[in-house]
Amino acid sequence: MKLLRYGPAGAEKPGIVDKDGTIRDLSGIVADIAGEALSDETLARLRALDLETLPPVDADSRIGACVGRVGKFICIGLNFADHAAESGMDLPAEPVVFFKATSAIIGPDDTVEIPRGSVKTDWEVELGVVIGKEAKYISEDEALAHVAGYCVINDLSERDFQLHRSGQWVKGKSADTFGPIGPWLVTRDEIPDPQDLPMFLEVNGHRYQDGSTRTMHFSVTAVISHLSQFMSLQPGDVISTGTPPGVGLGQNPQVYLKPGDKMELGIEGLGVQRQNVIQG
């Protein structure tokens with residue numbers, strides 16, 4: 001089941017994609033793709049709907065971030081060995097955890113802004129995991145039962161802010177528009193193995209990232225279990241699980257985003273994002 005949110009930024013409505021690819025309005029059934037709507041019970045109710053009875057949505061509607069009211073936007077760093085190597089960093093002994101401001105969240109095709117003072121704005125295609133049920137002190141075997149679904153995330157990063165401006169990485173990760181999420185939240189029943197998903201990212205038609213979740217250092221289940229030892233995970237929390245090699249930082253010479261660039265990125269079964277880049 002593919003769930004999404006559509007409409008003007010800040011006033012998105014819930015939607016669902018039918019078997020023919022038509023977006024149907026869910027606002028008469030649930031208020032938003034958030035909170036209780038992410039529970040197994042509500043998702044089962046949505047799955048049982050006759051979608052043809054729901055009104056179609058204008059095909060030209062803006063698509064927003066696929067989950068609303070995100071409480072925590074948690075990111076995992078250096079989770080692919082070859083990305084750690086291209087970043088000049090050692091592979092970590094346990095997941096590297098940092099946060100991204102929820103104010104960075106935008107829709108999958110919204111415009112990305114290069115922040116003022118930026119000299120190294122970079123891209124990162126990542127698998128997003130959306131929590132559907134509270135997780136606290138859980139094992140790896142229990143982890144997937146707490147997942148509502150999966151999505152595409154572009155974990156945009158300003159490398160100079162991230163690595164040379166002191167403190168945690170959050171400074172380089174949290175600029176407005178640095179968190180495109182979506183287009184869809186694909187429920188976990190449709191993704192039998194989150195560790196076998198090809199992923200890519202292109203800038204101006206050139207493919208820089210061409211990887212797979214198969215090469216993640218810490219699996220989705222390991223990441224969820226690990227995080228739950230340090231904080232409770234709540235419905236609507238989003239976990240961005242790391243990026244494969246091919247970021248701008250790892251190019252020789254390095255390549256960074258500039259106004260006028262166009263990004264396209266996606267994960268098999270989870271959809272594609274497209275973003276134009278402007279100066280903020």
Side-chain angles (χ1 to χ4, degrees), residues 1-7 12-71 73 105 107-109 125-135 142-154 180-199 213 220-221 223-224 233-241 265-274:
M1 184 166 57
K2 296 173 181 175
L3 302 173
L4 49 74
R5 300 165 73 244
Y6 72 94
E12 293 93 343
K13 294 181 179 180
I16 188 169
V17 182
D18 69 18
K19 61 181 177 61
D20 297 319
T22 300
I23 301 172
R24 302 280 179 169
D25 179 34
L26 272 179
S27 59
I29 311 296
V30 294
D32 199 356
I33 308 301
E36 179 59 28
L38 298 169
S39 69
D40 285 345
E41 294 75 18
T42 301
L43 294 179
R45 182 159 59 93
L46 298 181
R47 203 171 286 115
L49 291 172
D50 179 359
L51 300 187
E52 291 188 0
T53 66
L54 300 176
V57 172
D58 186 339
D60 294 327
S61 292
R62 169 189 172 269
I63 303 301
C66 59
V67 59
R69 304 200 308 271
V70 175
F73 196 169
I105 295 172
D109 300 330
V125 60
E126 305 203 0
L127 172 66
V129 178
V130 179
I131 298 297
K133 180 172 67 174
E134 182 182 50
E142 299 170 299
L144 293 187
H146 296 262
V147 172
Y150 305 95
C151 59
V152 180
I153 294 176
N154 190 351
I181 299 178
W184 312 311
L185 169 63
V186 180
T187 51
R188 73 172 187 269
D189 58 298
E190 295 207 6
I191 305 297
D193 184 2
Q195 301 307 148
D196 190 22
L197 300 175
M199 53 206 306
T213 57
V220 168
T221 56
V223 166
I224 295 171
L233 301 175
Q234 305 293 331
D237 286 350
V238 175
I239 305 168
S240 200
T241 58
L265 58 145
I267 299 177
E268 186 172 285
L270 302 182
V272 173
Q273 300 184 357
R274 297 176 180 88

K.L.:
With a 3.5 Å distance limit and no angle check, can you tell me whether Glu134 reaches the backbone of Pro235 through a side-chain donor-acceptor pair?
P.N.:
no
K.L.:
If you compare all heavy atoms of Met1 against all heavy atoms of Leu43, which two are closest, and at what distance to 0.1 Å?
P.N.:
CE-O, 3.4 Å
K.L.:
Can you check whether Leu3 reaches Trp184 side chain to side chain, under 4.5 Å on heavy atoms?
P.N.:
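Leu3 does not reach Trp184 side chain to side chain.
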K.L.:
For the side chain of Thr187 and the backbone of Gly149, is there at least one donor-acceptor N/O pair under 3.5 Å apart?
P.N.:
no
K.L.:
Starting at CD of Glu41, measure out to CG of Leu46 and round the result to the nearest 0.5 Å.
P.N.:
11.5 Å
K.L.:
Closest approach of Lys133 and Ala145, non-hydrogen atoms and distance?
P.N.:
CE-O, 3.7 Å
K.L.:
With Asp32, which residues qualify under salt bridge (charged side-chain N to carboxylate O under 4.0 Å, His left out), at least two apart?
P.N.:
Arg5
K.L.:
If you apply the rule side-chain hydrogen bond (donor to acceptor under 3.5 Å, both in side chains), what do you find for Thr22 with Asp20, and how did you get there?
P.N.:
CA-CA 6 Å; Thr22 300; Asp20 297 319; 5.7 Å; no
K.L.:
Residues two or more places apart in sequence or in another chain: which of them pass side-chain contact (heavy atoms from CB on, under 4.5 Å) with Pro108?
P.N.:
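Counting only residues at least two positions away or on another chain, Pro108 forms a side-chain contact (heavy atoms from CB on, under 4.5 Å) with Ile63, Pro183, Gln273.
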K.L.:
Under 3.5 Å, is there a donor on one side chain and an acceptor on the other for Ser240 and Glu126?
P.N.:
yes
K.L.:
Could you tell me whether a side-chain N or O of Thr213 sits under 3.5 Å from a main-chain N or O of Leu197, the two making a donor and an acceptor?
P.N.:
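Yes.
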K.L.:
State which residue, out of Ile33, Ile23, Ile16, fulfils the side chain to side chain contact (heavy atoms under 4.5 Å, CB included) condition with Leu4.
P.N.:
Ile23
K.L.:
Only counting residues at least two apart or in another chain, list the ones meeting side-chain contact (heavy atoms from CB on, under 4.5 Å) with Asp40.
P.N.:
Arg188
K.L.:
For Ile131, enumerate each residue passing the side-chain contact (heavy atoms from CB on, under 4.5 Å) test, keeping only those at least two apart in sequence or located in another chain.
P.N.:
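Ile131 satisfies side-chain contact (heavy atoms from CB on, under 4.5 Å) with Leu233, Asp237, Ile239 once adjacent residues are dropped.
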K.L.:
From Thr221 OG1 over to Glu142 CD, what is the distance, rounded to the nearest 0.5 angstrom?
P.N.:
11.5 Å
K.L.:
Report the residues that fulfil salt bridge (charged side-chain N to carboxylate O under 4.0 Å, His left out) with Arg45, sequence neighbours left out, ordered by chain and then residue number.
P.N.:
none
K.L.:
I need the Tyr6 OH to Ser27 OG distance, nearest 0.5 Å.
P.N.:
5.0 Å
K.L.:
Considering only NZ, NE, NH1 and NH2 on the basic side and carboxylate oxygens on the acidic side, decide whether Asp189 and Arg47 come within less than 4.0 Å.
P.N.:
yes
K.L.:
Give me each pair satisfying salt bridge (charged side-chain N to carboxylate O under 4.0 Å, His left out) with a member in residues 48-71, each pair once, sequence neighbours excluded.
P.N.:
Glu12-Arg62, Arg62-Asp110
K.L.:
Rounded to the nearest 0.5 Å, what separates atom CZ in Arg24 from atom CG in Leu54?
P.N.:
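Going from the CZ atom of Arg24 to the CG atom of Leu54 covers 7.0 Å.
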K.L.:
Between Arg274 and Asp109, is there a side-chain N and carboxylate O pair less than 4.0 Å apart?
P.N.:
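Salt bridge: no.
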K.L.:
Give me the atom names and distance for the closest heavy-atom approach of Pro14 to Ala31.
P.N.:
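Scanning both residues completely, I find the closest heavy atoms to be CD-O, 3.5 Å.
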K.L.:
Apply side-chain contact (heavy atoms from CB on, under 4.5 Å) to Phe73 and Ile181, showing your working.
P.N.:
CA-CA 11 Å; Phe73 196 169; Ile181 299 178; 4.0 Å; yes
K.L.:
Find the distance between CG (Leu144) and CD1 (Ile224) and round it off to the nearest 0.5 Å.
P.N.:
6.0 Å
K.L.:
Please tell me if the side chains of Val147 and Val130 come closer than 4.5 Å, counting only heavy atoms from C-beta onward.
P.N.:
no
K.L.:
Are side-chain heavy atoms of Ile191 and Val186 found at a separation under 4.5 Å?
P.N.:
yes
K.L.:
Between Ser39 and Glu36, does the side-chain hydrogen bond (donor to acceptor under 3.5 Å, both in side chains) criterion hold? Intermediate values first, please.
P.N.:
CA-CA 5 Å; Ser39 69; Glu36 179 59 28; 3.0 Å; yes
K.L.:
Specify the closest pair of heavy atoms between Ile153 and Leu265, including all atoms of both residues, with the distance to one decimal.
P.N.:
O-CD1, 4.0 Å
K.L.:
Are Val129 and Tyr150 close enough that some pair of their side-chain heavy atoms sits under 4.5 Å apart?
P.N.:
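The answer is yes; the side chains approach within 4.5 Å.
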K.L.:
Take Ile29 and Leu49 through the side-chain contact (heavy atoms from CB on, under 4.5 Å) test and state the conclusion after the steps.
P.N.:
CA-CA 10 Å; Ile29 311 296; Leu49 291 172; 4.3 Å; yes
K.L.:
Apply side-chain contact (heavy atoms from CB on, under 4.5 Å) to Leu127 and Val152, showing your working.
P.N.:
CA-CA 5 Å; Leu127 172 66; Val152 180; over 6 Å; no
